There are 2 protein chains.
Amino acid sequence: MSLYEEQFKNYLKNNDLKYTNERKELLKAITILKDHFHVEDIYQQVRKQKSDVSLATVYRTIPILIESGLITETLSEGDKIVYEKIYNEPRHDHMVCLNCGKIMEFSCPGMEKLQKNICREHSFIPVEHRLELRGYCRNCWKNIKQKINNGKYNQELK
Amino acid sequence: MSLYEEQFKNYLKNNDLKYTNERKELLKAITILKDHFHVEDIYQQVRKQKSDVSLATVYRTIPILIESGLITETLSEGDKIVYEKIYNEPRHDHMVCLNCGKIMEFSCPGMEKLQKNICREHSFIPVEHRLELRGYCRNCWKNIKQKINNGKYNQELK
DNA sequence: ATATAATTGAGAATGATTATCAATTGCATT
DNA sequence: AATGCAATTGATAATCATTCTCAATTATAT
């Protein structure tokens, strides 16, 4: 039994929750899914596993996966919420390209120290953080610059 | 005419949009609203101004206010989106109490430098950022600690 | 094996946001 | 000031992710 599964089962037991087949399938699904995923991705993944967990159960299980420390809610791109695995993952933050939507991860140890200091100054007990840099990735920015040079963005840029 | 209004009108003119009464009322509303507000708060504020701007128009106007640089989408607490004014406001970030929901602002110049460096390293052109620290404020943490001492949180804490 | 409380699936309900469309209005042009 | 046209609006219907309901099922302690 993986540590992942171990942690999930412990959490369930400590909270009088049952380790059902559906929850087993959902756990498997998120171990298979990579990087960033949506609710719908989880649902599609369990269907690939030939198990028919209902969408309602997917929604019901997400808070459990979060509270057991396996996944976290990461970015909110417009309407849909993005989740990602956090169990044993090194801490990192995100850059989101406003043009192509690509999500890039980065880590910055210096930032952590600053955040801890700030929390201490405000007597705030941190549990989690979200840092999101929004802008343009290398490729998209290159394209945009070209368009500007061709005079296409003149109106917007005044 | 305030700079705020000036900027809004310029944006409208540059984009072939009209400066209607409804937009005037909405602009007034956000200048009156403080700190962080929801769509519903804007709607309530225009009603206080005795003008009947429809909810549909409030929703329609928000993207314009964002693109003209007057407000920004700040935090996503669960479902509802939180907006705040950014025009001429100094840069700051947020701490959110997971217990009482209180939002506190803080600023940290050191963090900005780090973020700029990271963007440069990744050839990423930043447009905006969001940093959210989630945890417990002084008061709530004090209460939680008391409960723990009284043995109430034992089950959750194992 | 039994009892019991938790869980599930199917579909209805919710609630924030968006789309529709006929009527209205700002504004550039005469 | 009057005209014409495209943008805007309000009312309401539509959408769509998420949550709720409830009868039937299932995991787990005893």
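Within every chain, numbering begins at 1; the chains are lettered A, B, ... in the order of the sequence lines, protein sequences first and strands thereafter. Quantities reported herein were computed from a predicted structural model and do not represent experimental measurements.
- The NZ-P distance, from Lys24(B) to dT9(D), rounds to 12 Å in whole Å.
- At whole-Å resolution of the value, CG in Leu12(B) and P in dT25(C) are 19 Å apart.
- For Tyr19(A), counting side-chain heavy atoms from C-beta on, the closest listed nucleotide (dT28(D), dA19(C), dT9(D)) is dT28(D).
- Separating the CD1 atom of Ile64(B) from the P atom of dG26(C) is a distance of 15 Å, rounded to the nearest angstrom.
- Taking every side-chain heavy atom of Ala56(A) into account, dG11(C) is the closest of dA6(D), dG11(C), dG10(D).
- One interatomic measurement links the two molecules: CG of Asp16(A) to P of dA6(C), which rounds to 7 Å at whole-angstrom precision.
- A salt bridge links Arg134(A) with Glu132(A): the closest approach of a Lys/Arg side-chain nitrogen to an acidic carboxylate oxygen falls below 4.0 angstrom.
- Side-chain N or O atoms of Lys85(A) include one that pairs as donor or acceptor with a backbone N or O of Thr31(A) at under 3.5 Å.
- Glu5(B) and Lys28(B) are not joined by a salt bridge, as no carboxylate oxygen comes within less than 4.0 angstrom of a charged side-chain nitrogen.
- Proximity note for Lys18(A) (side chain, C-beta onward) versus dA5(C), dG26(C), dG10(D): the nearest is dA5(C).
- Using a 4.0 Å heavy-atom cutoff across all strands shown, Arg60(A) reaches at least one base atom of the nucleic acid.
- A donor-acceptor contact closer than 3.5 angstrom is absent between the side chains of Gln44(B) and His38(B).
- One finds a side-chain N or O of Arg23(B) lying less than 4.0 angstrom from the OP1 or OP2 phosphate oxygen of dT9(D).
- Per the geometry, CG belonging to Asp52(A) stands 9 Å off C1' belonging to dG9(C), to the nearest Å.
- For dA27(D), neither phosphate oxygen OP1 nor OP2 lies less than 4.0 angstrom from any side-chain nitrogen or oxygen of Thr20(A).
- Between the OH atom of Tyr43(A) and the C1' atom of dA17(D) there is a distance of 14 Å, given to the nearest Å.
- Here the P atom of nucleotide dC16(D) and the NE2 atom of His38(A) are 16 Å apart, to the nearest Å.
- Candidate nucleotides dA11(D), dG9(C), dA6(C) were compared by shortest atom distance to the side chain of Leu17(A), and dA6(C) ranks first.
- Note on Asn21(B): a side-chain N or O is less than 4.0 Å away from OP1 or OP2 of dG26(C).
- Contact between the side-chain N/O atoms of Tyr59(A) and the OP1/OP2 oxygens of dT19(D) is not found at any separation under 4.0 Å.
- Nucleotide dT18(D) holds its C1' atom 15 Å from the CD1 atom of Ile81(B), rounded to whole Å.
- Between Lys13(B) and Leu55(A), the residue anchored nearer the 5' end of DNA chain C, judged by the nucleotide with its closest heavy atom, is Leu55(A).
- By the neighbour-count criterion of 12 heavy atoms within 6.0 Å, atom CZ of Arg91(A) is densely surrounded, having more than that number from other residues, nucleotides or ligands.
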